[in-house]
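A short write-up of the structure that comes next.
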Amino acid sequence: MGWPNTDDFWLIGRVGRHCLSCLTLRPNFRKRQGMMPRRTKIARLLADGNTGFDTTVMGWIRTFRNNQFIALNDGSTLHNLQVVVDFENADAELLRRLTTGAAIRATGAIVASQGKGQALEMKARDIEVFGECDPEAYPLQPKKHSLEFLRDIAHLRFRTNTFGAVFRVRHHVAWAIHDFFHRRGFVYLHSPVITGSDAEGAGEMFRVTTLDPINPPLTESGEVDFKKDFFGKATNLTVSGQLEAELGALALSEVYTFGPTFRAENSNTTRHLAEFWMIEPEVAFVDLEDNMNLAEDMLKHIIRHVLENCGDDIALLESRLVEEEKNKPQQERSAMTLREKLQFCLDNDFARVTYTEAIDILRISTPNKKKKFRFPIEEWGADLQSEHERYLVEKHFGRPVILYNYPAKIKAFYMRLNEDHETVAAMDILFPGIGEIVGGSQREERYDVLRQKMEAMHIPVEEMSWYLDTRRFGTVPHAGFGLGFERLILFVTGMTNIRDVIPFPRFPGYAAF
RNA sequence: GCCUCAGUAGCUCAGCCGGUUAGAGCGGCGGACUGUUAAUCCGUAGGUCGUAGGUUCGAGUCCUACCUGAGGCGCCA
């Protein structure tokens, strides 16, 4: 029966002396036993490039050309395997069932391709249709669809080249993040998704309750009695794991969280979601500069990992952008391709400027003088609008920018007050096209200063006693930041709408699937 | 939440200053061809022009409201 398939080699490598039993687990044997035949992933077949052996592949038909050529995709790679059907001897009924979208198993010999466009192909000897796909009802065609249309069929969009690439890259980014922190000895901390604290200070929250919405139990004064609720108090979905991460860092030294985050803001933009994923490292015994270094190193590590491991997918996403930009006027096209942009980020230090320096740059900038800004920069202390951030990143510096030492008045209570008593040790990292991708700070570790700020900003001190305890018992300088995972995916993939880089987006008025 | 733009066949789109029977490509269906690369060729079906009003002799086209989508702004990651 010839050579064992490549998956059998893999199993030999994995299980050592069990290789003999593995060799018997070949397609025909397994089939006779009523077992699912073992398959080889298309990514491995194409990567190995070997020919002259039999194997089995499984996947979904992308196109069936000329009654003869199946382009088969199993999601392991962007590329399809060409499966050649001997149509002259094939059952007509089988050929009828080989339609775009159908799921099949194909068994046959891997040979060098006669045609151009692919090195390998499979001469199919046996084809089994797992699931037919009615071509009239199936919404995906072998053609370009709009991203908006695909968003409406998010359950099927994984089967397109673009979304296959996006979600493979998304996986690699997640992996690279864990890899980065693990190598540096960080502890992955799971902060709670349900929180009883309403002082996380990051916007509107989603309530979590099991109370009857029509007839909730009431207190004597007629308000909803949350003491009768599941947790005995009002609870919400988390808007940040930072406060809990700080507790972990003040014992484990270096921790990070990576989990879903929920914000009930009525945000309708290409860079906001109601449910998104956030990475929040928190580090003891460091200051703001260490924090900036950590963030920059992490972003570069991720970008390098993606360039090294997702070449095909990034190349596809890049050519997508090139096609898209052909419809734009010359001046709106990007100066760099996707890969050039990512490489540029690796090769150059991020610009680091204080808020005060940024205000000076903006004040004397051409758009400010010509009154092109909707919100002109007049004096120190104003919050920067996205038009200002875009000017700094895209026009003035032309690379990622870290802004730091913001006015205390426009930042959160937990950020450390600087010596000038006017600014806090906060930092935001701004990326071209996306804006704020990281927001962080050195934390206020001095008990008296923190308590004073909480009272001034009307944070319930009693309820937050557990947070203040860390400053009472062995407090240390520490710092951390939050990284918006989907915003990072936007940057790395070159996609422009955040709803297209998360499998099933949630935003105001929409929670399908 | 505010502002701007859009909604025409299953998908992507054209439809001029309001004018007579609503157009293409892809996809579907029928056939031909058989080493194709979103195969090609021939034929064919498919539309209450987002919804409801209004203006007009006449509305896909103009006006109003609503619905849906996209982009920008705010909030932020």
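Lettering follows sequence order; numbering is per chain, from 1.
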Quiz item: Closer than 4.0 Å, any side-chain N/O of A:Arg374 to the OP1 or OP2 of B:C3?
Solution: no
Self-check item: Gap between atoms CG and P, on A:Leu150 and B:G69 respectively (whole Å)
Solution: 16 Å
Quiz item: Counting side-chain heavy atoms from C-beta on, which of B:G35, B:A77, B:G10 comes nearest to A:Gln114?
Solution: B:G35
Exercise. Classify the side-chain pair A:Asp312/A:His79 by whether it contains a donor and acceptor separated by less than 3.5 Å.
Key: yes
Quiz prompt | A:Arg65 side chain near B:A39 phosphate (N/O to OP1/OP2, under 4.0 Å) | solution = yes
Quiz item: Say you pick atom P in B:C17 and the same atom in B:U36; how far apart are they, in whole Å?
Solution: 46 Å
Quiz prompt | Selected nucleotide, minimal atom distance to A:Phe276 side chain, candidates B:U36, B:A77, B:G10 | solution = B:A77
Exercise. Verify whether one side chain among A:Glu246 and A:Tyr467 offers a donor that lies under 3.5 Å from an acceptor in the other.
Key: yes
Self-check item: RNA chain B: 5'-proximal contact among A:Asp134 and A:Gly117 (nearest heavy atom)
Solution: A:Asp134
Quiz prompt | B:C75 base / A:Ser267 side chain donor-acceptor hit below 3.5 Å | solution = yes
Practice problem: Look at the side chain of A:Lys143 and the base of B:G10, then say whether one donor and one acceptor between them are separated by less than 3.5 Å. | Solution: no
Quiz prompt | Heavy-atom closest pair, residues A:Ser365 and A:Phe373 | solution = OG-CE1, 3.7 Å
Self-check item: N/O donor-acceptor pair, side chain A:Gln141 with base B:G10, under 3.5 angstrom
Solution: yes
Self-check item: Exercise: identify the closest heavy-atom pair between A:Gly101 and A:Cys133
Solution: C-CB, 3.5 Å
Quiz item: What distance, rounded to whole Å, do you find between the two C1' atoms, one in B:A22 and one in B:C49?
Solution: 8 Å
Quiz item: Closer than 4.0 Å, any side-chain N/O of A:Arg390 to the OP1 or OP2 of B:C73?
Solution: yes
Quiz item: Reckon A:Ser146 touches a base, only the sugar-phosphate, or nothing at all at heavy-atom distances under 4.0 Å?
Solution: sugar-phosphate
Self-check item: For atom CG of A:Asp383 and atom P of B:C76, their distance in whole Å
Solution: 7 Å
Quiz item: Expressed as a whole number of Å, how far does the C1' atom of B:G72 sit from that of B:C63?
Solution: 26 Å
Quiz item: How far apart are the closest heavy atoms of A:Ala124 and A:Val83, and which atoms are they?
Solution: CB-CG1, 3.7 Å
Practice problem: Provide, to the nearest angstrom, the distance between the CD atom belonging to A:Glu148 and the P atom belonging to B:G71. | Solution: 6 Å
Self-check item: Candidate list A:Phe180, A:Phe276, A:Phe485, A:Phe181, test ring pair (Phe, Tyr, Trp, His ring centres under 6.0 Å), partner A:Phe258, passing option
Solution: A:Phe485
Quiz item: Roughly how far apart, to the nearest Å, are B:G28 and B:C11 at atom P?
Solution: 15 Å
Practice problem: With C1' as the reference atom in both, quote the distance from B:U4 to B:U12 in angstrom, rounded to an integer. | Solution: 24 Å
Practice problem: May I ask you to verify if any side-chain N or O of A:Thr270 is less than 4.0 angstrom from the OP1 or OP2 atom of B:G72? | Solution: yes
Quiz item: Of A:Thr496 and A:Leu483, whose closest RNA chain B nucleotide lies nearer the 5' terminus?
Solution: A:Thr496
Quiz item: Within the structure shown, what part of the strands sits under 4.0 Å from A:Leu273 by heavy-atom distance: base, sugar-phosphate, or nothing?
Solution: base
Exercise. Could you work out the separation of B:C29 and B:G15 based on their C1' atoms and round it to a whole Å?
Key: 27 Å
Quiz item: B:C11 C1' sits how many Å from A:Arg151 CZ, rounded?
Solution: 16 Å
Practice problem: Using distance alone, with no hydrogens and no angle criterion, decide if A:Thr55 and A:Thr40 have a side-chain donor and acceptor under 3.5 Å apart. | Solution: yes
Quiz item: So does A:Gln82 get a side-chain nitrogen or oxygen closer than 4.0 Å to the phosphate oxygens (OP1/OP2) of B:U37?
Solution: no
Quiz item: Between B:U36, B:G74, B:G71, which nucleotide has the shortest distance from any of its atoms to the side chain of A:Asn497?
Solution: B:G71
Self-check item: Nearest listed nucleotide, side chain of A:Arg271, among B:C73, B:G10, B:A38
Solution: B:C73
Quiz item: Is there a donor in the side chain of A:Thr356 and an acceptor in the side chain of A:Trp380, or the other way round, less than 3.5 Å apart?
Solution: yes
Quiz item: Starting at NZ of A:Lys372 and ending at P of B:G72, how long is that distance when rounded to a whole Å?
Solution: 20 Å
Practice problem: Identify, residue by residue, the members of residues 66-74 of chain A with a heavy atom below 4.0 Å from RNA chain B, and return them in order of residue number, or none. | Solution: A:Asn66, A:Asn67, A:Gln68, A:Phe69
Quiz item: Looking only at N and O atoms, is any donor in the side chain of A:His272 or the base of B:C76 less than 3.5 Å from an acceptor on the other one?
Solution: yes
Practice problem: Answer with yes or no whether the side chains of A:His388 and A:Asn368 bring together a donor and an acceptor at under 3.5 Å. | Solution: no
Quiz item: Given the P atoms of B:U8 and B:G47, what is the spacing between them in whole Å?
Solution: 15 Å
Exercise. Assign A:Gly115 to base, sugar-phosphate, or nothing according to its heavy-atom contacts below 4.0 angstrom with the strands shown.
Key: base
Exercise. List the atom of A:Glu387, the atom of A:Arg374, and the distance in Å for their closest heavy-atom pair.
Key: OE1-N, 2.9 Å
Quiz prompt | Between C1' of B:C75 and CG of A:Asp428, the distance in whole Å | solution = 14 Å
Quiz prompt | Salt bridge present between A:Asp428 and A:Lys411 (N-O < 4.0 angstrom) | solution = yes
Quiz item: So what does A:Glu121 hit on the nucleic acid, given a heavy-atom distance under 4.0 Å: a base, only sugar-phosphate, or nothing?
Solution: base
Quiz item: Just checking, is any N or O donor in the side chain of A:Asn293 or A:Asp290 under 3.5 Å from an acceptor N or O on the other one?
Solution: no
Quiz item: Can you check the A:Arg263 CZ to B:C75 P distance for me, whole Å?
Solution: 13 Å
Practice problem: Tell me yes or no: between the side chains of A:Thr261 and A:Arg263, is some donor less than 3.5 Å from an acceptor? | Solution: no
Exercise. Can you tell me which stems RNA chain B forms, taking runs of 3 or more consecutive Watson-Crick or G-U pairs with both distances under 3.5 Å?
Key: B:1-7 with B:67-73, B:10-13 with B:23-26, B:28-32 with B:40-44, B:50-54 with B:62-66
Practice problem: Ignoring the backbone of A:Thr63, work out which of B:A38, B:U36, B:C75 is nearest its side chain. | Solution: B:A38
Quiz item: A:Glu436 has an atom CD; how far is it from atom C1' of B:G74, in whole Å?
Solution: 14 Å
Quiz item: Pick one for B:C49: is it syn, with its angle within 90° of 0, or anti?
Solution: anti
Self-check item: Inter-nucleotide P distance (B:C62, B:C2), Å rounded
Solution: 25 Å
Quiz item: Between A:Gln141 and A:Thr100, do the side chains contain an N or O donor and an N or O acceptor separated by less than 3.5 Å?
Solution: no
Self-check item: Closest listed nucleotide, where the reference is the side chain of A:Gln385 and the choices are B:C29, B:G74, B:C75
Solution: B:G74
Quiz item: Is A:Gln118 touching bases, backbone alone, or none of the nucleic acid, heavy atoms closer than 4.0 Å?
Solution: base
Practice problem: Using a heavy-atom cut-off of under 4.0 Å over every strand shown, decide if A:Phe87 touches base, sugar-phosphate, or nothing. | Solution: base
Quiz item: OP1, OP2 of B:C73 versus side-chain N and O of A:Ser386: anything below 4.0 Å?
Solution: yes
